Structures are given as structure tokens and as C-alpha cells.
J.: 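Below you'll find the structure I mean.
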Amino acid sequence: MSKRTLINDAVQERDFFQDVMDVVRQVPRGRVTSYGAIAKYLGAPRSARLVGWCMNNAHVQRPHVPAQRVVNSIGLLTGKHHFATLTAMQELLAKEGVKVKDDQVVDFRNKFWDPAVELGL
DNA sequence: TCCATGACGAGAT
DNA sequence: GATCTCGCCATGG
């Protein structure tokens, strides 16, 4: 982090970072969402990449953030390299009832959870 | 300041 | 579908 930390920056009325964490925490077990969906829900449809950047700090958040439920737009577990082990993300999902094959969520479109729809926009 | 990089996405071919 | 390219925003050298 730098002097202008995102986590404690109170300048913004509601941190984009905190918003991301909140949305991710609301993803129900057995469901997954995408970086782009979160970005869109927060009013920054072109900032999916920023959401991914925020996730770099997800693992140190309290309470815990279920980062394993966030994948890219086609259901690929692109963030698994940031977990303790390469299989941690997949195992966590499997434990919640989300099957993963070749780093890809099985039946992704059916398990997709869109905050803009589920939480209302 | 400029440039490369990154848990991304959408559109074009 | 598979690839490529470009736009996105923040960070670090």
C-alpha cells in the first residue's frame, strides 16, 4: 500500500474498495459472480480490472471475504494463483457445491449471481 | 512524467 | 469458439 491507502481512505464517502468487499461478502454459498458484474453494480462498468486489483487485499480483510466466489466473465478461476495453494480456490468452491473443472466453473451461467439483479439496482 | 503490469471485459475478426 | 486489440484505473519503477 502507499500513503494514499484505499482501505482507510475516508475521503471518499464510500470506498470503492469497501464496496467491492461488501458485495463479495453478499454472494451466497454455491453461487459465483464476476469482477465485471461487481464493477457494473458499483457504477463503474469499465473498471472490472480495478475490482481485481482490490481483491489483492481481500485476504487480509476482516471479516473474511469469500474471494473464491469471484471469477472472470466466462467462469474461469483466474485468481487462484493468489490463494494459499493452487487448489485452495477450487476446493473451497467444491465444498460449497460449485463444481470446477479445468479451472472453470461447471454450469457457470446457471450459478452466476449478478448483484445488479439480486440486490436490485 | 512515461511506461509496463494486472484476480478484467467487450467487440472485432 | 479461439485470438487479438483496446479501454479501463491504480500502482510502482
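The structure displayed is predicted, hence computed values, not measured ones. Chain letters run A, B, ... following the sequence lines, proteins first and then strands; every chain starts at 1.
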J.: Rounded to the Å, how far apart are A:I74 CD1 and B:dA7 P?
T.: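 These atoms are roughly 15 Å apart.
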J.: I'd like a list of close polar pairs between nucleotides 11-13 of chain B and the protein, N/O only, cut-off under 3.5 Å.
T.:
none

J.: Do any N or O atoms of the protein come closer than 3.5 Å to N or O atoms of nucleotides 4-6 of chain C, and which pairs are they?
T.:
none

J.: Quick check on contacts: within residues 25-42 of chain A, what sits under 4.0 Å from DNA chain B by heavy-atom distance?
T.: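 Under 4.0 Å from DNA chain B: A:S34, A:Y35, A:G36.
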J.: Among the nucleotides B:dA7, C:dA10, C:dG7, which one has an atom lying closest to any side-chain atom of A:R49?
T.: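 Among B:dA7, C:dA10, C:dG7, the one nearest the side chain of A:R49 is C:dG7.
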J.: Not counting sequence neighbours, list each pair that qualifies as a ring pair (Phe, Tyr, Trp, His ring centres under 6.0 Å) and has a residue in residues 65-99 of chain A.
T.: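 Listed by first then second residue: nothing to list.
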J.: What side-chain donor-acceptor pairs closer than 3.5 Å can you find for residues 102-114 of chain A, not counting sequence neighbours?
T.:
| unit_1 | atom_1 | unit_2 | atom_2 | d |
| --- | --- | --- | --- | --- |
| A:D103 | OD1 | A:K80 | NZ | 2.8 |
| A:D103 | OD2 | A:K80 | NZ | 3.1 |
| A:D114 | OD1 | A:A116 | N | 3.0 |

J.: Apply side-chain contact (heavy atoms from CB on, under 4.5 Å) to residues A:V70 and A:V32 and explain how you reach the verdict.
T.: CA-CA 6 Å; A:V70 186; A:V32 294; over 6 Å; no
J.: Give the cluster check for A:V23 versus A:F17: same hydrophobic cluster or not, with ILVMFWY residues linked at side-chain heavy-atom distances below 4.5 Å.
T.: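 Yes, same cluster.
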J.: Could you go through residues 89-96 of chain A and list every donor-acceptor pair under 3.5 Å that involves a side-chain atom there, pairing it with any protein atom two or more places apart or in another chain?
T.:
| unit_1 | atom_1 | unit_2 | atom_2 | d |
| --- | --- | --- | --- | --- |
| A:E91 | OE2 | A:T87 | OG1 | 3.3 |
| A:E96 | OE1 | A:R69 | NE | 2.9 |
| A:E96 | OE2 | A:Q68 | NE2 | 3.0 |
| A:E96 | OE2 | A:R69 | NE | 3.2 |
| A:E96 | OE2 | A:R69 | NH2 | 2.8 |

J.: Hydrophobic clusters here meaning ILVMFWY residues chained together by side-chain heavy-atom distances under 4.5 Å, can you tell me if A:L42 and A:W53 are in one?
T.: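 Per the 4.5 Å side-chain linkage, A:L42 and A:W53 are co-clustered.
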J.: Hey, could you give me each pair passing side-chain hydrogen bond (donor to acceptor under 3.5 Å, both in side chains) that has a residue in residues 25-49 of chain A? Not counting sequence neighbours.
T.: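 Counting only pairs at least two positions apart or across chains, the side-chain hydrogen bond (donor to acceptor under 3.5 Å, both in side chains) contacts touching residues 25-49 of chain A are A:D22-A:R25.
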J.: Below 4.0 angstrom from OP1 or OP2 of C:dC8, is there any side-chain N or O of A:S47?
T.: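 The answer is no; no side-chain N or O of A:S47 sits under 4.0 Å from OP1 or OP2.
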J.: Within residues 83-90 of chain A, find the residues that approach DNA chain C with a heavy atom at under 4.0 Å, and present them sorted by residue number.
T.: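 Residues of residues 83-90 of chain A under 4.0 Å from DNA chain C: none.
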J.: Do you reckon A:V20 sits in the same ILVMFWY cluster as A:L119, going by side-chain contacts under 4.5 Å, direct or chained?
T.: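 Yes, A:V20 and A:L119 fall within the same hydrophobic cluster.
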J.: Look at the side chain of A:R46 against the base of C:dG7 and say whether a donor-acceptor pair falls under 3.5 Å; ignore hydrogens and angles.
T.: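 Looking at the base of C:dG7, it does not pair with any donor or acceptor on the side chain of A:R46 (distance under 3.5 Å).
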J.: Using the rule that Ile, Leu, Val, Met, Phe, Trp and Tyr join whenever any side-chain heavy atoms are under 4.5 Å apart, tell me whether A:V117 and A:V51 fall into a single cluster.
T.: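 No: no chain of side-chain contacts under 4.5 Å links A:V117 to A:V51.
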